[in-house]
Amino acid sequence: MADENQPKPSSAFEWIGGEARVHALVERFYDLMDLEPAYKELRAAHGTDLASARQKLYWFLCGWLGGPQHYIERFGHPRLRARHMPFKIGLAERDQWLACMDQAMGEVGVAAELRAKLREAFFGTADWMRNTPG
Ligand code: HEM
């Protein structure tokens, strides 16, 4: 339940708790991708080493949530759909990505109201990245 006396955070980045919390979320996301059989097709789409994906998703999410633009400073416009073209993204991959992220948000303790908003925003982005039917 929102506390009426708390000032409203100015961005999702501030609301989640800044860089340290975004970092914890990304770490948990890839740990779960590695661990959970439910995300095995998603895991298989990635290389053996997740280190570069961890680093880049962390940089990207800081900016996407309204915080520092670490990703853009290094790589320019994210062009996420184009950058994902080499990987097959159908319904299964989209849904596994979203479920893995939602589980990670739950496990690192993202506030329920923020988690629901982010779930919706992630859905829009992940669905737009589909490049394969089914
Ligand atoms: C909202 C959904 C998603 C977001 C925000 C996201 C974000 C990102 C970002 C920022 C990168 C780094 C891009 C770069 O500079 O090279 C990346 C890489 C990647 N993504 Fe996604 N992604 C999403 C969904 C997916 C899905 C559904 C798949 C399923 C196949 C996927 C597979 C990959 C792979 C294989 C890489 C390369 C990782 C590496 O460098 O080793 N992504 N993603």
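When a ligand or atom number is given, it counts from 1 through the structure's own listing order. Numbers here simply count residues along the sequence, with the first being 1. The shown structure was predicted, so the numbers you read here are calculated from the model rather than taken from an experiment.
With distances taken over non-hydrogen atoms, the option nearest atom 16 (O) of ligand 1 out of Glu41, Lys56, Glu93 is Lys56. For atom 18 (C) of ligand 1, the candidate residues are Arg81, His84, Met33, Arg83; the nearest heavy-atom contact is made by His84. The option with the heavy atom closest to atom 13 (C) of ligand 1, from among Tyr71, Phe122, Phe60, Phe75, is Tyr71. For the residues Trp97, Trp59, Trp64, Phe87, the heavy atom positioned nearest atom 5 (C) of ligand 1 is part of Trp97.
Contact atoms of ligand 1 toward Thr125: 1 (C) (distance under 4.0 Å to a heavy atom of the residue). Remark: ligand 1 atoms within the under-4.0 Å shell around heavy atoms of Met129 are 2 (C), 3 (C), 4 (C), 22 (N), 23 (C), 24 (C). For ligand 1, the atoms lying closer than 4.0 Å to a non-hydrogen atom of Leu57 are 7 (C). Here is the list of ligand 1 atoms found below 4.0 Å of a heavy atom in Leu42: 28 (C), 29 (C).
The shortest separation from a heavy atom of Phe123 to ligand 1 is not under 4.0 Å, leaving the residue out of contact. Ligand 1 has no atom lying under 4.0 Å from any heavy atom of Gly47.
Nearest to atom 38 (C) of ligand 1 among the protein's heavy atoms is Ala53 CB, 3.7 Å. Ranking the protein heavy atoms by distance from atom 9 (C) of ligand 1 puts Leu80 CD2, 4.0 Å first. Counting only heavy atoms of the protein, atom 35 (C) of ligand 1 lies nearest to Ala45 O, 3.4 Å. His46 NE2, 3.4 Å is the protein heavy atom nearest to atom 33 (C) of ligand 1.
Side chains of Gln103 and Cys100 form no contact here, defined as non-hydrogen atoms less than 4.5 Å apart. Using a 4.5 Å cut-off on side-chain heavy atoms (C-beta onward), His46 and Tyr30 make contact.
For Arg43 (side chain) and Thr48 (main-chain N/O), a donor-acceptor pair under 3.5 Å exists by modelled atom type. A donor-acceptor contact shorter than 3.5 Å links the side chain of His84 to the backbone of Leu80. Judged purely by atom type and a 3.5 angstrom limit, Asn131 uses its side chain to pair as donor or acceptor with the backbone of Phe87.
An N or O contact shorter than 3.5 Å is missing between Lys88 and ligand 1 by distance. Residue-to-ligand polar distances place Ser52 within reach of ligand 1: an N/O pair is separated by less than 3.5 Å.
Of the options Val110, Leu118, Leu57, a side chain to side chain contact (heavy atoms under 4.5 Å, CB included) to Met101 is made by Leu57 and by none of the others.
Residues Pro68 and Glu19 come closest through the heavy atom pair CG-OE2, 3.4 Å.
Atom CD1 of Ile16 and atom CZ of Arg21 lie 8.0 Å apart (nearest 0.5 Å).
Between Tyr71 and Trp64, the distance separating the two ring centers is not shorter than 6.0 angstrom.
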